[in-house]
J.: 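Below: one structure in structure tokens.
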Amino acid sequence: MHNIKFPFLEHIGGKLIRYEQGSAEVELSTMPYHLQHLGFIHGGVISTLMDNTGWYAAVSNLSEGFTSVTMEIKINYLKPASGKHLRAIGTVIRQGKKTSFVKIELYDGDNLVAFATGTYAVLEETKD
């Protein structure tokens with residue numbers, strides 16, 4: 001499977017903790033700089049965590065020489081997140097030749113706080 005690092009995900013403190021065929025899990029220990037003006041976790045942090053988790057799940061199904069990019073992601077924010085630990089779980093729900101469809105759940109502790117579906121394009125890697 002692919003061994004890929006995301007500098008931006010690492011920059012915000014996200015860590016890949018599980019990566020297996022068809023699924024992935026990413027976690028984030030929240031810091032004060034992750035908060036928005038009301039003290040909740042900023043929606044951009046949540047969307048970044050969910051999109052990267054979906055991407056990891058999507059590429060986990062691909063053969064060497066192929067990668068993926070996000071085509072579309074729809075996030076439903078179910079309630080504000082304010083805890084110290086976020087965990088996103090991505091699962092491929094349909095794998096096609098040109099697209100992967102992934103569901104992503106985001107937990108604040110044990111509470112589901114956001115749900116997303118993502119569509120990821122399958123691309124052949126280029127050798128520049």
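Only heavy atoms go into these numbers, but all of them, side chains included; no hydrogens, no water, no symmetry mates. Numbers for residues simply follow the sequence, beginning at 1.
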J.: To the nearest 0.5 angstrom, please state how far the CD1 atom of Ile46 sits from the CG atom of Leu86.
T.: 6.5 Å
J.: Quick check: closest heavy atoms across Tyr19 and Tyr56, and the distance to 0.1 Å?
T.: CE1-O, 3.3 Å
J.: Go through the structure and list residues passing side chain to side chain donor-acceptor pair (under 3.5 Å) with Ser23, not counting sequence neighbours.
T.: Arg18
J.: Looking at every heavy atom in both Pro80 and Phe40, which two are closest together, and how far apart are they?
T.: CB-CD2, 3.3 Å
J.: For residues 116-123, run the donor-acceptor check on the side chains, cut-off 3.5 Å, and write out each pair with its distance to 0.1 Å, sequence neighbours left out.
T.:
| from | atom 1 | to | atom 2 | distance (Å) |
| --- | --- | --- | --- | --- |
| Tyr120 | OH | Asp51 | O | 3.3 |
| Tyr120 | OH | Asp51 | OD1 | 3.2 |

J.: Between Leu106 and Thr53, does a side-chain contact (heavy atoms from CB on, under 4.5 Å) hold up when you go through it step by step?
T.: CA-CA 10 Å; Leu106 184 89; Thr53 304; over 6 Å; no
J.: Are Leu78 and Val113 close enough, and set up right, to give a side-chain contact (heavy atoms from CB on, under 4.5 Å), and what steps lead you there?
T.: CA-CA 5 Å; Leu78 306 175; Val113 296; 5.6 Å; no
J.: May I ask whether Phe115 and Leu49 are part of the same hydrophobic cluster, defined by side-chain heavy atoms of I, L, V, M, F, W, Y residues being less than 4.5 angstrom apart, directly or through others?
T.: no
J.: Quick one: pull up CD in Glu125 and CD in Glu64 and give me the separation to the nearest 0.5 Å.
T.: 7.0 Å
J.: How long is the gap from CH2 on Trp55 to CD1 on Ile73, to the nearest 0.5 Å?
T.: 13.5 Å
J.: Please say yes or no: joined through hydrophobic side-chain contacts below 4.5 Å, possibly via intermediate residues, are Leu16 and Ile89 part of one cluster?
T.: no
J.: Donor-acceptor check, side chain of Asp108 to backbone of Ser82, threshold 3.5 angstrom: yes or no?
T.: yes
J.: Going by the rule side chain to side chain contact (heavy atoms under 4.5 Å, CB included), which residues pair with Asp110 if we only count those two or more places apart in sequence or in a different chain?
T.: none
J.: Show every salt bridge (Lys or Arg N to Asp or Glu O under 4.0 Å) that has at least one partner inside residues 81-92, sequence neighbours left out.
T.: Glu25-Arg87
J.: Show every side chain to side chain donor-acceptor pair (under 3.5 Å) that has at least one partner inside residues 28-42, sequence neighbours left out.
T.: none
J.: What distance do Ser63 atom OG and Glu124 atom CD have between them, rounded to the nearest 0.5 Å?
T.: 11.0 Å
J.: Donor-acceptor pairs are to be reported for all side-chain atoms of residues 97-105 against protein atoms at under 3.5 Å, with residues two or more places apart or in another chain.
T.:
| from | atom 1 | to | atom 2 | distance (Å) |
| --- | --- | --- | --- | --- |
| Ser100 | OG | Gln95 | OE1 | 2.9 |
| Ser100 | OG | Gln95 | NE2 | 3.0 |
| Glu105 | OE1 | Tyr107 | OH | 3.1 |

J.: Could you give me the CA-CA distance, side-chain angles and deciding distance for Thr48 and Ile12, then say whether side-chain contact (heavy atoms from CB on, under 4.5 Å) is met?
T.: CA-CA 9 Å; Thr48 295; Ile12 68 164; 3.8 Å; yes
J.: First locate atom OG of Ser68, then atom CG of Asn61, and finally report the distance between them rounded to the nearest 0.5 Å.
T.: 10.0 Å
J.: Can you tell me how far the CG atom of Leu28 sits from the CD1 atom of Ile17, to the nearest 0.5 Å?
T.: 11.0 Å
